Amino acid sequence: MKVGVLTGGGDCPGLNAVIRAITRRGLQEGYQILGFKDGWLGVIKNNFVSLDLSSVSGILPRGGTILGTSRTNPYKNPEDVKAIKENLGRIDALIAIGGEDTLGVACKLVKEENLKIVGVPKTIDNDLSATDYTFGFDTAINIVMEAIDRLHTTAESHHRVMVIEVMGRHSGWIAIEGGIAGGADVILIPEIPIDIEEVVRLVKRRNERGRNFSIVVVAEGAKFKESDEFILQEEKRDAFGHVHLGGIGNVLAKEIEKRTGFETRTVVLGHLQRGGSPSAFDRVLGTRLGIKAIELVKEGRFGQMAALQGNRIVSVPLEDAVGSLKMVDTQLYEVAKVFFG
Ligand code: F6P
């Protein structure tokens, strides 16, 4: 049996753990494992490598993906969908490792073309539904936490406000959990419009009680209450229609400095949050999800995705994962708020 695997969308620590688990477990089942290069692009072009024990040896601690990735959307061109049908017709199953976009394509291909695909959820943003956590997220929030720890000491020495912009296009999971772990004084997320007056009040209140520095964490997708506009790096959209976010940290820092008179600096963590070696949690989660994906293939349960619910790895329909995004719940935000200001 020939089983393909691809990694699509933004890369994420733990992808190699999944590829390794799929390969090791798949080989034990006697499957031939084919690694498609650069996400859906590799399937369109039928560009793959055969994965064996030696190709996955030593990759567990490595960040990124040995298969490469891209944000290719085959639904932009009917010829690409045709090529995918043809190329997947030559193999028995495909495991797609990705987030909302990659798995959204997988879901459509299963439904509309009856292709044999199972999914594995991936994103540092942790915003996929039907799974409690996606691998990559734990590594990202540890990076955020460590950055906040470091920024605390310099903020305190200079009596400054530090605004830290983190990833999170639609949801504020990285901001909220990274911020709680780092002891942030204000956390701003896409789910709750920014009230600049309130931010200023919190920063001033800290100052009044003798804490003359503050840490403000903001997700890149957060918007001001007064406008429904994202702050953008550029207007250009990717193949899935996403704009390039970034810049909210600077805008916010300027406003805080203007309204409080406190010296303010911005740090944009950017792709540092996606790079490097995965945490132990993400290695274990990725490994468990990869093994579950092979089980789903073996049982012929296509259109399903491996997921973490509680402490159990289960399977859920792909459409449950991509139908709507998982947002930060108010309970968690209330926890964070206890420490604001
Ligand atoms: O993987 C999702 C994400 O981390 C978003 O939070 C962010 O907006 C996006 O990736 C940026 O990715 P890239 O720069 O690779 O397009």
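This one's a predicted model, so the numbers in the text were calculated from it and none came from an experiment. One-based numbering, in listed order, for ligands and for the atoms of each.
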For this session: Give a yes/no verdict on a cation-pi contact between Lys223 and Phe230, requiring under 6.0 Å between NZ or CZ and the six-membered ring centre and an angle within 45° of the axis.
Result: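 Yes, a cation-pi geometry.
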
Can [X] and [Y] be counted as an ion pair, charged N to O under 4.0 angstrom?
X: Lys298; Y: Glu295; value: no
X: Glu198; Y: Arg201; value: yes
X: Lys82; Y: Glu86; value: no

Exercise. For ligand 1, what are the residues with a heavy-atom contact below 4.0 Å?
Worked result: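 Within 4.0 Å of ligand 1, protein side: Arg71, Ile124, Asp125, Met167, Gly168, Arg169, Glu220, His271, Arg274.
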
Exercise. Given the rule in the salt bridge (charged side-chain N to carboxylate O under 4.0 Å, His left out) test, do Arg205 and Glu208 qualify, once you have shown the distances and angles that lead to the verdict?
Worked result: CA-CA 5 Å; Arg205 189 173 79 182; Glu208 279 153 23; over 6 Å; no

Problem set entry | Donor-acceptor contact below 3.5 Å, side chain Thr69 vs main chain Gly9 |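 The answer is yes, because a donor-acceptor pair under 3.5 Å joins these two groups.
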
